[in-house]
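Heads up, the thing below is written out as structure tokens.
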Amino acid sequence: LAVPDANSGGLQFSLGVDRIDAAVINAPLADRRGNLYSHGAAVLNESYDMATAAKRGGGVVVAQVGAVVDDAAARGMQVWINAEHVDAIVVNARTEQVLG
């Protein structure tokens with residue numbers, strides 16, 4: 001839903017819901033602390049925004065990842081989505097976002 005924004009004169013977009021209860025996102029890798037990494041991702045979409053919106057509204061975030069690694073930082077990878085935004089991780093080695 002797009003409505004006029006009185007402050008900017010442009011459009012403000014709204015989902016028409018009070019809060020987001022859950023977000024299911026996808027990432028190539030996670031570490032054992034629950035941090036997500038975008039290294040090797042084919043596409044970076046709105047996963048970060050979805051996770052932060054769900055957590056801000058008291059919702060849950062489930063991340064599907066291709067693998068869980070111990071040494072992401074040692075490989076020079078930077079955290080994409082912090083563990084504080086992730087409630088559960090599901091490992092699916094066949095996910096489209098698998099590094100490989």
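Positions are given from 1 along the sequence.
Minimum interatomic distance between Arg19 and Gly58 (heavy atoms only, all atoms of both residues): NH1-C, 4.1 Å. Heavy atoms only, all atoms of each residue included: Gly59 and Asp87 are closest at O-OD2, 3.8 Å. Across all non-hydrogen atoms, the minimal contact from His39 to Met77 is CB-SD, 3.7 Å. Considering every non-hydrogen atom in both Pro28 and Gly40, the closest pair reads CG-C, 4.2 Å. Smallest separation of non-hydrogen atoms from Ala51 and Val61: O-CG2, 3.7 Å. Contact detail for Ala63 and Leu36: the closest heavy-atom pair is CB-CD1, 3.7 Å.
Side-chain contact check for Asp70 versus Asp31: every heavy-atom pair is 4.5 Å or farther apart. Using a 4.5 Å heavy-atom cutoff, the side chains of Arg32 and Val68 are in contact. Here the side chains of Val65 and Tyr37 are not in contact, with every heavy-atom distance at 4.5 Å or above. Contact of the Val24 side chain with the Gln64 side chain is not registered, since no non-hydrogen atoms from C-beta on lie closer than 4.5 Å.
Atom CZ of Arg33 is surrounded by 12 or fewer heavy atoms from other residues, nucleotides or ligands within 6.0 Å.
At least one donor-acceptor pair closer than 3.5 Å links the side chain of Asn45 to the backbone N or O of Ser47.
Cluster annotation: Val91 is connected to Val86 through the hydrophobic network of ILVMFWY side chains, with a link wherever side-chain heavy atoms come within less than 4.5 Å.
Note: Tyr48 OH to Ile25 CD1 = 11.0 Å, rounded to the nearest 0.5 Å.
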